[in-house]
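Heads up: the structure comes next, in structure tokens.
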Amino acid sequence: MHVLILGGTTEARALAGLLQPHGELRVTSSLAGRVAQPRLPAGEVRVGGFGGVEGLLDWVREHRVDAVIDATHPFAERISFNAARAAATAHVPLLALRRPGWVPVEGDRWHSAASLEEAAALIDGLGERVFLTTGRMGLAAFADRPQWFLVRSVDAPAPPMPARTEVLLDRGPFTLDGERALLNRYAVDVLVTKDSGGTATAPKLTAAREAGIPVVVVRRPPVPQGVPVAATPEEAVAWVWETRHRG
């Protein structure tokens with residue numbers, strides 16, 4: 001049985017690690033290639049896009065894929081819709097492995113935004129020193145903002161970006177003590193993030209709550225309808241065995 005994991009996330013790597021030891025399974029993880037030195041999962045790895053729905057469909061057919069698991073980032077909406085269309089056309093089972101989103105708790109000062117552009121507009125009046133953790137690909141939405149920005153990303157971002165920007169190259173998981181120290185060191189007074197979910201980058205939310213710092217949270221984009229969802233790699237493993245036995 002050949003399982004294609006559309007990955008790049010912590011959950012995708014964990015899933016590949018759980019499936020790879022089983023000799024009756026062939027596991028291929030596909031990475032988008034947006035990170036210069038990604039953490040590679042167990043098993044076979046391909047890097048780069050497929051070229052849209054047709055490219056993915058051709059790859060699935062050529063490599064005799066028996067099941068596809070979409071374990072991409074919650075904000076990688078294009079590949080999720082491409083996967084749904086390609087899997088349906090190829091009549092290949094598809095599962096979405098999606099980490100649960102973050103939920104505000106007492107003391108949080110969250111402001112919800114539908115997009116990066118809306119988030120950029122919301123920071124006016126909330127603060128002047130912004131900790132921006134939305135990734136290096138969306139900085140253009142903040143390029144004309146007058147605030148000072150601390151941008152944290154795995155790889156260095158490229159213009160356009162805000163005129164007053166300091167870049168911090170780092171990769172999660174992050175600790176609560178580390179996030180507390182960072183907010184204090186840079187005198188951050190507003191945090192902007194995407195609802196990525198998971199635990200690797202969640203400590204910044206706790207640190208912001210403790211410091212009374214407002215947080216602008218960009219909501220997740222729509223997902224394909226009718227695709228079964230697993231919340232953990234272990235649930236995805238169970239789905240793989242159920243799919244194998246049905247086949």
Side-chain angles (χ1 to χ4, degrees), residues 1-20 22 25-35 38-101 114-116 134-135 137-138 154 194-198 200 218-247:
M1 179 181 185
H2 188 188
V3 180
L4 172 62
I5 301 174
L6 305 175
T9 60
T10 301
E11 291 79 10
R13 289 192 297 274
L15 175 59
L18 291 173
L19 293 177
Q20 177 59 27
H22 298 279
L25 298 178
R26 176 187 173 191
V27 180
T28 301
S29 295
S30 178
L31 310 182
R34 292 182 177 178
V35 177
R39 292 172 175 167
L40 298 180
E44 301 176 33
V45 178
R46 69 170 302 279
V47 179
F50 289 97
V53 176
E54 291 301 321
L56 177 54
L57 179 59
D58 289 343
W59 200 95
V60 165
R61 287 172 169 167
E62 178 183 352
H63 295 270
R64 299 181 181 275
V65 171
D66 299 294
V68 179
I69 299 177
D70 174 14
T72 56
H73 191 276
F75 283 81
E77 57 182 314
R78 180 177 299 176
I79 185 62
S80 293
F81 279 91
N82 288 351
R85 292 175 59 190
T89 302
H91 303 290
V92 171
L94 170 67
L95 176 76
L97 174 55
R98 296 197 183 100
R99 65 181 79 149
S115 64
L116 290 174
T134 57
M137 306 300 290
V154 176
K194 293 177 177 178
D195 180 15
S196 300
V218 180
R219 299 191 298 273
R220 294 183 176 188
V223 296
Q225 298 300 306
V227 177
V229 177
T232 66
E234 290 75 15
E235 289 181 16
V237 170
W239 177 86
V240 168
W241 293 121
E242 290 172 5
T243 302
R244 182 173 183 269
H245 292 149
R246 284 198 305 267

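When side chains are defined from C-beta on, W241 counts as touching L25, because their heavy atoms get closer than 4.5 Å. The side-chain heavy atoms of V237 and L15, taken from C-beta on, include a pair separated by under 4.5 Å.
The minimum heavy-atom distance between L18 and P233, with the atom names listed, is CD1-CB, 4.0 Å. Contact record, T28 with W59: CG2-CH2, 3.8 Å, taken as the closest heavy-atom pair. Residue M1 comes nearest to T243 through the heavy atom pair CE-CG2, 3.9 Å, listed as atom of the first residue, atom of the second, then distance. The two atoms that bring G198 and R99 nearest to each other are N-CD, 3.5 Å, heavy atoms only.
Listed by first then second residue, pairs satisfying salt bridge (Lys or Arg N to Asp or Glu O under 4.0 Å) with a partner in residues 43-52 read R26-E44, not counting sequence neighbours. For residues 219-239, the side-chain hydrogen bond (donor to acceptor under 3.5 Å, both in side chains) pairs, not counting sequence neighbours, are S112-R219.
Looking at residues two or more places apart in sequence or on another chain, you find no salt bridge (charged side-chain N to carboxylate O under 4.0 Å, His left out) involving R13. Looking at residues two or more places apart in sequence or on another chain, you find a side-chain contact (heavy atoms from CB on, under 4.5 Å) between E77 and P221, P222. Every residue was checked against the side chain to side chain donor-acceptor pair (under 3.5 Å) condition with H22, not counting sequence neighbours, and none meets it. Considering only residues two or more places apart in sequence or on other chains, S80 meets the side chain to side chain donor-acceptor pair (under 3.5 Å) condition with D70. For F75, the ring pair (Phe, Tyr, Trp, His ring centres under 6.0 Å) test picks out H73, with sequence neighbours left out. Remark: R61 engages no residue in a side chain to side chain donor-acceptor pair (under 3.5 Å) (not counting sequence neighbours). Considering only residues two or more places apart in sequence or on other chains, H2 meets the ring pair (Phe, Tyr, Trp, His ring centres under 6.0 Å) condition with none of them. Residues forming a salt bridge (charged side-chain N to carboxylate O under 4.0 Å, His left out) with D66 (at least two apart in sequence, or on another chain): none. Residues satisfying the side-chain contact (heavy atoms from CB on, under 4.5 Å) criterion with S29, sequence neighbours excluded, are I5, A16, P41.
Note that the OG1 atom of T72 and the CG atom of L31 stand 11.5 Å from one another [nearest 0.5 Å]. The CG atom of L6 lies 9.5 Å from the CG atom of N82; values are rounded to the nearest 0.5 Å.
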Please test F50 against S30 for side-chain contact (heavy atoms from CB on, under 4.5 Å), starting from the C-alpha separation and ending with a verdict. CA-CA 9 Å; F50 289 97; S30 178; 3.3 Å; yes
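For R39, the CZ atom is densely surrounded, since the number of other residues' heavy atoms within 6.0 Å is greater than 12.
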Side-chain donor-acceptor pairs of residues 83-98 under 3.5 Å, sequence neighbours excluded:
from, atom 1, to, atom 2, distance (Å)
T89, OG1, R85, O, 2.8

